[in-house]
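Quick caveat, the model's predicted, so the values are computed rather than measured. Only this structure's heavy atoms are used, side chains among them; waters, hydrogens and symmetry mates stay out.
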Amino acid sequence: MDCMTMGPVLERQRERERELTPEEERTLIRDISAAAEAQTKEGDTFYLITSRWWQSWLDFVNQDMNITVSNGYGSHNYGSPCSSSPKRPFAIDNSDLINDATSEISNVDIELHETLVEGRDYILLPQEVWDRLHGWYGGGPTLPRKTINSGLSQTDLSIEVYPLRLQLLLTPKRGQAIIRISKKETVRELHRKACEVFDLILDNVCIWDYYGHQKHDLMNDMEKTLDDANIQMDQDILVEVLGDCNGTTDGGCMSSVQENGSNERDSGSLAAEPCRSSISVAEGLSTSKNVSRSCSSEISQSQLLTSPSSELDTVHVTSTVATRGPPVGLNGLLNLGNTCFMNSAIQCLVHTPEFARYFREDYHKEINWKNPLGMVGELAMAFGDLLRKLWGPGRASVSPRPFKAKLARFAPQFSGYNQHDSQELLAFLLDGLHEDLNRVKHRPYIKSKDADGRPDEEVADEYWANHIARNNSIIVDVCQGQYKSTLVCPVCRKVSVTFDPFMYLSLPLQSPSANSMTILVFTSDGSALPTPCTVNVPKQGRCKDLIQVLSNACSVKGGEKLILAEIRDHKIHQFVEDPMLPLSNIKDEHLVAYKVPKLDKKSILLQFVHRREEPEGNGSIKAWKPYGMPLIAPFSYDGAARSADIQRTLLTMLIPMLQSEKSQPASLSNSCARMASHATDQDISMNEECAESDHKDGGNHEREEADCHLFLELVDENNQLIDLSTVEEKSFKLLSSASSSSSSILVFINWYQKDFQNYDTRRLEILPEVYKYGPPLPKRSRGEPLSLYTCLDAFLREEPLVPEDMWFCPKCKEQRQASKKLDLWRLPEVLVIHLKRFSFSRSTKQKLETFVNFPIHDLDLTDYLANKSNSQRQTYELYALSNHYGSMASGHYTAHIKLFEENRWYNFDDSHVSPINEEEVKSAAAYVLFYRRVRADNPSPSNGAQSCANQGHSLCHR
């Protein structure tokens with residue numbers, strides 16, 4: 001032994017001779033751990049140790065600390081020093097990690113329990129740490145695992161806790177055995193192990209990828225890894241002896257293999273049933289917490305289970321009679337920690353018939369490796385690998401850890417172990433799989449053309465062709481449909497029609513606790529015309545709820561605020577300042593909102609009330625009568641006010657109402673606009689400017705004031721009218737109580753008939769109903785469930801756009817809150833329907849527990865299709881749904897899946913899969929529904945399991 005190895009050995013011997021203190025053990029293990037994991041590389045060995053023993057050791061070495069200790073392997077909160085001191089642990093005991101049923105079988109390596117979870121059941125320790133602990137405490141059994149690389153980067157490392165478990169089927173001697181081998185081992189090593197197990201000569205044996213009891217590939221590339229050969233957990237490997245299969249030792253197996261992948265001589269008698277052992281170990285890559293890695297490596301274990309040939313003699317497969325194989329599609333998914341949302345979504349996608357067939361065939365040729373919007377094919381391959389495992393024979397539990405690692409890499413929002421939304425994950429997966437499998441390698445730029453009165457059928461086909469020219473994948477083939485979207489401008493009535501693709505329908509659930517309110521919003525800075533804004537508020541809501549949602553909808557900035565006011569007789573009856581005032585108290589009033597800057601101490605509110613001359617009595621006398629909605633604006637007041645300043649404040653607010661140049665002389669419009677923009681005393685006076693305008697227009701005016709100079713009268717504190725045109729250059733005092741938002745200074749705008757040549761005030765006379773419900777929906781009696789068709793009606797109902805999503809009208813050249821109407825134009829093969837159970841606001845999160853009555857058979861959408869040229873019935877059948885139970889804070893996801901071959905429903909609750917009755921499918925937990933089109937030429941749909949269940953089926957490819 002050289003000096004380099006003698007050092008550590010002698011050091012450990014001295015440590016055993018002198019028992020270390022708990023603090024010394026802790027410090028030594030901490031330092032060794034940090035050094036070992038910083039230098040982790042492919043091929044390094046890690047050891048499993050039971051979490052129970054590890055925690056007892058942590059208690060022991062941290063007994064002198066009154067803190068929470070965490071070193072990457074576990075954490076513990078230690079109590080006060082007065083508590084009883086933990087005792088030194090006994091010998092390491094990993095027996096609770098071992099599957100006793102298999103460890104008792106002779107000549108079989110140690111087998112782990114199939115559902116172990118890192119952190120909960122075991123901890124992974126670097127070899128140097130294990131050597132120290134084992135040297136100090138002894139015990140066992142020793143459970144080594146190798147570090148492998150399973151990613152594109154050399155630093156993507158992980159520990160293969162569960163190596164591949166493969167069943168070797170010997171033909172024609174009909175023996176079978178089970179072995180463990182790393183997925184990073186080569187075909188040559190698998191070949192050697194198979195010959196060793198059955199005591200065969202290497203040159204006389206060939207091995208086949210026998211996935212699903214079909215000869216897929218002759219495994220003759222000896223340097224290829226099993227991972228690259230796409231060998232899956234718990235699959236079959238056919239070991240064929242050359243001399244027996246062909247009658248010679250030099251002819252090879254290929255001469256006896258037909259194009260359909262079956263052995264000609266043994267096609268009627270090949271006995272190759274999967275092992276009936278109860279062992280079910282899921283494949284999983286368990287990663288140590290302090291090692292940065294996302295791929296995997298391995299130590300090989302072998303497990304030999306020889307079965308009497310008499311068991312195999314009873315199984316026969318012929319080329320003419322299809323024998324039903326073992327159940328497929330009933331594998332569950334292990335919950336890695338709050339991953340039920342992922343398991344539910346995956347099971348729904350995996351059991352979509354089109355996807356089940358596609359990903360079990362050779363889909364790799366369609367992977368778009370260079371799509372900048374994709375995931376370099378890694379998401380598609382990870383999903384395909386997981387799908388194949390889930391469609392494997394038997395009823396095992398599969399670990400989705402490799403898939404989750406890929407998911408976290410490309411979608412960090414799903415990393416960690418927090419609960420997420422299954423619908424959000426579904427949306428990401430469908431979009432990500434589409435990009436990875438997009439058949440379009442170079443996307444052309446295509447500019448959409450306006451409809452210009454063309455028939456809808458022509459425009460829709462053009463939009464769809466443009467979409468397919470850029471997006472063409474199995475996801476588009478199966479899941480994408482097409483909307484018809486119609487926008488109508490509320491001002492000019494311009495109609496815009498587009499046809500957009502959709503992946504799923506998100507249907508609202510009618511909530512009896514919500515009302516729709518339409519409020520007219522005014523601005524004081526002249527930036528916009530009065531705009532109606534529609535928002536949803538709680539039925540029993542208060543003013544604070546309305547202000548909150550309205551502020552969000554109107555994009556109120558930090559220096560601004562909304563003032564609500566009740567309007568009565570065209571004046572402000574009162575400002576609504578009490579945030580706790582129930583909205584029901586103001587239901588019968590006209591309610592408007594003013595967006596104004598926050599008032600400072602020197603500001604007051606001016607309320608401008610519009611008046612016009614109207615006949616009175618017998619019609620011979622005219623009087624000023626209020627009309628329209630009042631305007632308010634903050635006014636800077638330092639103790640004295642001038643008429644010119646008030647005029648300027650008003651003209652600024654009226655800028656959006658100026659008539660266009662086509663309807664009035666240009667000089668008038670320009671003059672009034674300039675008047676509003678002047679803000680200093682040095683500007684030219686209004687009389688001079690308007691006089692110049694009068695001169696250009698011929699000076700034919702009845703009033704001395706210019707056309708842009710409005711006739712204003714202010715109500716003073718004695719309720720007397722002050723003609724502001726007579727005190728234009730004089731200062732006067734205003735009512736001091738108007739300095740708060742609860743009161744204002746009243747100013748009348750007396751509109752002469754010729755003033756309407758400059759301004760269009762019709763928008764001030766239109767006040768929408770405060771409560772707007774739209775077309776009445778079908779009335780439901782108390783206790784009657786909500787129909788899925790009713791949800792669809794609500795989804796397709798015409799409604800105004802939300803203010804933050806305004807539409808730019810090409811005719812008005814302005815942003816408009818247009819009305820939007822959706823129609824279904826083209827429906828997909830698989831229709832995914834999302835029920836919007838979750839609602840979020842700034843302060844509340846809510847889940848609707850509404851029971852939705854959805855049809856399981858014959859969902860008929862024929863009448864909902866706007867494309868009437870399609871004469872076929874549009875009927876669908878439910879085959880899967882994702883359920884959510886519980887609240888938003890602590891809920892659980894499951895999936896209900898129908899296996900068409902068995903015509904039976906199953907509940908997939910993580911790793912637990914159990915049959916259920918069809919009546920149990922409907923519940924208030926239904927969240928995402930998966931429907932498949934029913935075609936007259938295919939009345940008996942299939943999940944895709946039949947091709948692999950029937951061994952003689954020639955279309956089952958990997």
Side-chain angles (χ1 to χ4, degrees), residues 373 427 430-431 434-435 438-507 774-775 792-802 805-834 859-876 931 933 935:
L373 300 179
L430 289 173
D431 186 63
H434 159 66
E435 297 296 351
N438 195 350
R439 304 176 186 114
V440 180
K441 302 301 187 281
H442 303 286
R443 295 184 174 184
Y445 171 74
I446 303 175
K447 186 176 181 180
S448 298
K449 300 177 182 177
D450 194 66
D452 286 334
R454 292 181 293 163
D456 283 347
E457 292 78 7
E458 177 185 340
V459 179
D461 289 344
E462 180 182 278
Y463 269 83
W464 188 252
N466 293 346
H467 176 65
I468 295 299
R470 294 171 53 83
N471 303 277
N472 187 1
S473 69
I474 180 66
I475 306 299
V476 176
D477 298 341
V478 174
C479 292
Q480 286 201 350
Q482 190 178 30
Y483 287 133
K484 175 187 176 183
S485 177
T486 305
L487 292 172
V488 180
C489 177
V491 178
C492 69
R493 311 308 296 174
K494 164 72 177 175
V495 178
S496 173
V497 177
T498 58
F499 293 86
D500 305 311
F502 68 86
M503 194 88 75
Y504 50 86
L505 303 179
S506 287
L507 305 188
L792 189 58
D793 290 333
F795 173 72
L796 298 175
R797 211 172 16 159
E798 183 177 0
E799 59 183 11
L801 294 174
V802 293
D805 191 25
M806 302 277 271
W807 172 61
F808 182 81
C809 176
K811 186 175 180 181
C812 296
K813 305 297 183 185
E814 288 187 29
Q815 298 288 337
R816 300 295 192 197
Q817 191 181 18
S819 62
K820 184 175 183 178
K821 175 73 170 71
L822 289 178
D823 292 291
L824 300 178
W825 186 266
R826 189 188 309 263
L827 292 173
E829 291 299 307
V830 169
L831 180 63
V832 182
I833 297 179
H834 164 224
L859 172 66
D860 193 348
L861 300 179
T862 306
D863 294 338
Y864 287 91
L865 203 64
N867 182 9
K868 299 306 178 183
S869 63
N870 189 338
S871 59
Q872 294 183 346
R873 301 294 298 175
Q874 304 293 319
T875 56
Y876 287 81
Y931 283 93
R933 188 194 299 274
R935 293 187 177 275

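- Note that CD1 of Ile475 and CE of Met503 are 7.0 Å apart. Values are rounded to the nearest 0.5 Å.
- The nearest pair of heavy atoms linking Trp825 to Ala460 is NE1-CB, 3.1 Å.
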Test Glu814 against Lys494 for salt bridge (Lys or Arg N to Asp or Glu O under 4.0 Å), laying out the working first. CA-CA 12 Å; Glu814 288 187 29; Lys494 164 72 177 175; over 6 Å; no
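- Between Ser869 and Glu457 the shortest heavy-atom distance is OG-CG, 4.0 Å.
- Residue Lys821 comes nearest to Glu798 through the heavy atom pair CD-N, 3.8 Å, listed as atom of the first residue, atom of the second, then distance.
- Remark: side-chain polar atoms of Arg493 are not paired, donor with acceptor, to backbone N or O of Val488 under 3.5 angstrom.
- Side-chain atoms of Arg826 never come within 3.5 Å of backbone atoms of Asn867 as a donor-acceptor pair (strictly under, hydrogens ignored).
- Phe502 meets the ring pair (Phe, Tyr, Trp, His ring centres under 6.0 Å) test with Tyr483; sequence neighbours excluded.
- For the atom pair CG of Leu831 and CZ of Arg933, the computed distance is 9.0 Å after rounding to the nearest 0.5 Å.
- To the nearest 0.5 Å, the span separating CG on Leu430 from OG on Ser473 amounts to 9.5 Å.
- Crowding of Gln872 atom CD: a count of heavy atoms from other residues, nucleotides or ligands under 6.0 Å not exceeding 12.
- Applying side-chain contact (heavy atoms from CB on, under 4.5 Å) to Arg439 and the options Ile468, Asp477, Val476 leaves one that passes, Asp477.
- Considering CZ of Phe499 and CG of Asn466, their distance stands at 12.5 Å, rounded to 0.5 Å.
- The minimum heavy-atom distance linking Asn438 with Asn472 is given by the pair OD1-N, 3.0 Å.
- Lys484 places no side-chain N or O within 3.5 Å of a backbone atom of Leu822 that could act as its donor or acceptor partner.
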CA sep, side-chain torsions, deciding dist, call: Ile446, His467, side-chain contact (heavy atoms from CB on, under 4.5 Å): CA-CA 9 Å; Ile446 303 175; His467 176 65; over 6 Å; no
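- Closest non-hydrogen pair, Tyr876 versus Glu829, comes out as CE2-O, 3.7 Å.
- Remark: the backbone N or O of Gln874 is paired with a side-chain donor or acceptor of Thr862 at under 3.5 angstrom.
- With values rounded to the nearest 0.5 angstrom, Leu827 atom CG is found 13.5 Å from Tyr931 atom OH.
- Of all the heavy atoms in Trp807 and Ser496, the pair that sits closest is CZ2-CB, 3.7 Å.
- Atom-to-atom distance recorded for Phe795:CZ and Leu792:CG is 7.5 Å, nearest 0.5 angstrom.
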